[in-house]
Amino acid sequence: MTIKEIKSTILKKGWAGKTISREETVHKLNPLIEAHVALNHAYTSLLPLLTSETVKQELAAILKTARLDVGKVMEVVFSCGGSAYNGTSVEPESFALSRDDALTELRKREEAFRDLLLAERPIEHQIRTEAVLTRLLTNSDIRLSFIRTCVRHASVPA
């Protein structure tokens, strides 16, 4: 058990000790925002490939949450006095999924994003940042579950 885990267990929702600086927080979160924006574009490119209206509606709800998640991380960056990555310089089409194996490609992108989130776990972030990162991880798990469901039900034609 790490020191961070011990403090979290003992203090429950409180925090003690030194956390990373605001500048370090901005430096750590902007790459996560960039990766999340790219991932959101990839999910958006999946919409026209889906065969079921129900699955499309589920993905639309997932995308709404994903966009809110990006906003939450951006708010943390702003509250630290930084400038958040906004994605205005990228073309959404550059993140499009291949028609051949869209779900496998999307799963790999989601797992790569999840790995970025897990890499932040040992870092002593401020409590609000920790809460946002935990939420991002939970929502990533929900998206992975959605992909598994799509694969099981062949929601994308081969």
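Quantities reported herein were computed from a predicted structural model and do not represent experimental measurements.
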Check your understanding: Do you know which two heavy atoms are closest between Leu46 and Ala102, and how far apart they sit?
Key -> CD1-CB, 4.2 Å
Check your understanding: Mind checking whether Val132 and Ile142 sit in one hydrophobic cluster, side chains of I, L, V, M, F, W, Y counted as touching below 4.5 Å?
Key -> no
Review point. Ser83 and Asn30: which non-hydrogen atoms are nearest, and at how many Å?
Key: O-ND2, 3.0 Å
Review point. Which value, rounded to the nearest 0.5 Å, describes the distance between Glu110 atom CD and Asp141 atom CG?
Key: 8.5 Å
**Study point:** Thr44 side chain to Asn40 backbone, donor-acceptor under 3.5 Å
**Key:** yes
Exercise for review: Indicate whether any N or O donor in one side chain lies under 3.5 Å from an N or O acceptor in the other, for Arg121 and Thr134.
Suggested key: yes
Practice item. Check Glu120, Lys28, Glu24 against His125 for a side-chain hydrogen bond (donor to acceptor under 3.5 Å, both in side chains) and give me the one that passes. Key: Glu120
Point to revise | Heavy-atom closest contact (Ala96 atom, Ser45 atom, distance) | key: CA-OG, 3.5 Å
Exercise for review: Drop me the distance from Thr19's OG1 to Glu124's CD, to the nearest 0.5 angstrom.
Suggested key: 8.0 Å
Exercise for review: Using the rule that two of Ile, Leu, Val, Met, Phe, Trp, Tyr join whenever any of their side-chain heavy atoms come within less than 4.5 Å, decide whether Val151 and Leu50 are in one cluster.
Suggested key: yes
Practice item. May I ask you to decide if the ring planes of Tyr43 and Phe146 are parallel, tilted or perpendicular, using 30° and 60° as cut-offs? Key: tilted
Check your understanding: Between Phe95 and Arg109, which heavy-atom pair has the shortest distance, and what is it?
Key -> O-NH1, 2.6 Å
Practice item. Return yes when atom CZ of Arg135 has more than 12 non-hydrogen atoms of other residues, nucleotides or ligands closer than 6.0 Å, and no otherwise. Key: no
Exercise for review: Any chance you could measure Leu59, atom CG, to Cys150, atom SG, to the nearest 0.5 Å?
Suggested key: 7.5 Å
Practice item. Decide yes or no on side chain to side chain contact (heavy atoms under 4.5 Å, CB included) for Val26 and Glu23, but give the supporting numbers first. Key: CA-CA 5 Å; Val26 171; Glu23 294 80 19; 5.8 Å; no
Study note, to complete from the structure: Between the CE atom in Met74 and the NE2 atom in His36, the distance rounded to the nearest 0.5 Å is 12.0 Å
Practice item. Please examine the side chains of Arg114 and Arg143, heavy atoms only from C-beta on, and report whether any two atoms are closer than 4.5 Å. Key: no
Point to revise | Minimum-distance pair of heavy atoms, taken over all atoms of Leu103 and Ile147 | key: O-CG2, 3.8 Å
Practice item. Specify the closest pair of heavy atoms between Cys80 and Arg22, including all atoms of both residues, with the distance to one decimal. Key: O-CB, 3.6 Å
Check your understanding: Are Thr88 and Asn86 close enough that a side-chain donor and a side-chain acceptor fall under 3.5 Å?
Key -> yes
Practice item. Can you measure from OG1 (Thr138) to CG (Leu117) and round to the nearest 0.5 angstrom? Key: 10.0 Å
Point to revise | Under 3.5 Å: donor-acceptor pair, side chain of Glu34, backbone of Tyr85 | key: no
Review point. Linking I/L/V/M/F/W/Y whenever their side-chain heavy atoms sit closer than 4.5 Å, directly or via other members, would Leu136 and Leu118 fall into one cluster?
Key: yes
Review point. Are Leu47 and Leu63 close enough that some pair of their side-chain heavy atoms sits under 4.5 Å apart?
Key: yes
**Study point:** Asp69 side, atom CG; Asn139 side, atom CG - distance, nearest 0.5 Å
**Key:** 4.5 Å
Check your understanding: Any side-chain heavy-atom pair from Val70 and Ile33 closer than 4.5 angstrom?
Key -> yes
Point to revise | Partner of Leu133 by side chain to side chain contact (heavy atoms under 4.5 Å, CB included), out of Ile123, Val73, Leu29 | key: Leu29
